[in-house]
Engineer: 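Below is a structure I'd like to ask you about.
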Amino acid sequence: MKKRIYKSNGIKTASAADCLEREEINQLKEYLLSLDLSKPNNLRNFTLVTFNLNVGLRAGDLLSLPKDLIIKNNTVVDSFAINEQKTGKKRIIELNNTAKKVIQQYYDTFYVELKHSYWLFPSRKKGKNNGGTQGTGHLAITSFNRILRDAQKGS
């Protein structure tokens, strides 16, 4: 019997390369809900994974989202358009209530840090990829992959 594979947004698909099984998604959700969201790293990680599960972006597209594309007048937008990095195609993304809620909570909590950032998910590390100053670049794909691995181990 063929396994049912789902994209993170719940749509059936034939390719398992960019997908998680429904059971894996549910395990990730359970793990994320068990986190102490009063800790900044936990809230950021919860937001990253939950937001991505609800919009289904590639890691590079997710991490390079400009803050002002998602937040207008201190409120999360209903939809936004991006050009996908890999394909170059324009994609319009409508945010469901869950995606909007987690981003709004994240933004409200990290308002001071995000106020001066171009990126929705800025890096807190200093390094040559972000100009040598704290917070000028976005979170790296390797960091996001580590967050996902840790979440999968914890689930």
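All values derive from a computational prediction rather than experimental measurement.
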Engineer: Side-chain contact, heavy-atom cut-off 4.5 Å: Val49 with Tyr31?
Structural biologist: no

Engineer: Is there a side-chain contact between Asn45 and Asp150 (heavy atoms, below 4.5 Å)?
Structural biologist: no

Engineer: Taking Asn54 for its side chain and Thr50 for its backbone only, find out whether a donor-acceptor pair lies under 3.5 Å.
Structural biologist: yes

Engineer: Please give me the minimum heavy-atom distance between Val55 and Ala99, naming the atom from each residue.
Structural biologist: CG1-CB, 4.4 Å

Engineer: Applying the 4.5 Å side-chain criterion to the ILVMFWY set and letting contacts propagate, would Phe80 and Ile92 be lumped into a single cluster?
Structural biologist: no

Engineer: Nearest 0.5 Å, what's the CG-CD1 distance between Leu95 and Ile103?
Structural biologist: 8.0 Å

Engineer: Which value, rounded to the nearest 0.5 Å, describes the distance between Leu139 atom CG and Leu48 atom CG?
Structural biologist: 6.0 Å

Engineer: Do you know which two heavy atoms are closest between Phe110 and Arg44, and how far apart they sit?
Structural biologist: CE1-N, 4.4 Å

Engineer: Give the table of side-chain donor-acceptor pairs shorter than 3.5 Å for residues 61-71, with sequence neighbours excluded, one pair per line with atom names and distance.
Structural biologist:
unit_1	atom_1	unit_2	atom_2	d
Asp61	OD1	Gln85	N	3.0
Ser64	OG	Gly60	O	2.7
Ser64	OG	Gln85	NE2	2.7
Lys67	NZ	Leu114	O	2.7
Lys67	NZ	Lys115	O	3.4
Lys67	NZ	Ser117	O	2.9

Engineer: State the CZ-CZ distance between Arg91 and Arg58, to the nearest 0.5 angstrom.
Structural biologist: 8.0 Å

Engineer: With the side chain counted from C-beta on, respond yes when Gln105 and Thr47 share a heavy-atom pair under 4.5 Å apart, and no when they do not.
Structural biologist: no

Engineer: Say whether Asn42 and Asp36, considering side chains only, have a donor N or O and an acceptor N or O under 3.5 Å apart.
Structural biologist: no

Engineer: Which atom pair, heavy atoms only, marks the closest approach of Val112 to His116?
Structural biologist: O-CD2, 4.2 Å

Engineer: Suppose the criterion is side-chain hydrogen bond (donor to acceptor under 3.5 Å, both in side chains): which pairs have a residue in residues 69-78, not counting sequence neighbours?
Structural biologist: Asn74-Tyr107, Asp78-Lys100

Engineer: Atom OG1 in Thr109, atom CD in Gln104: separation rounded to 0.5 Å?
Structural biologist: 9.5 Å

Engineer: Rounded at 0.5 Å granularity, tell me how far CG in Leu28 sits from CG in Leu148.
Structural biologist: 7.0 Å

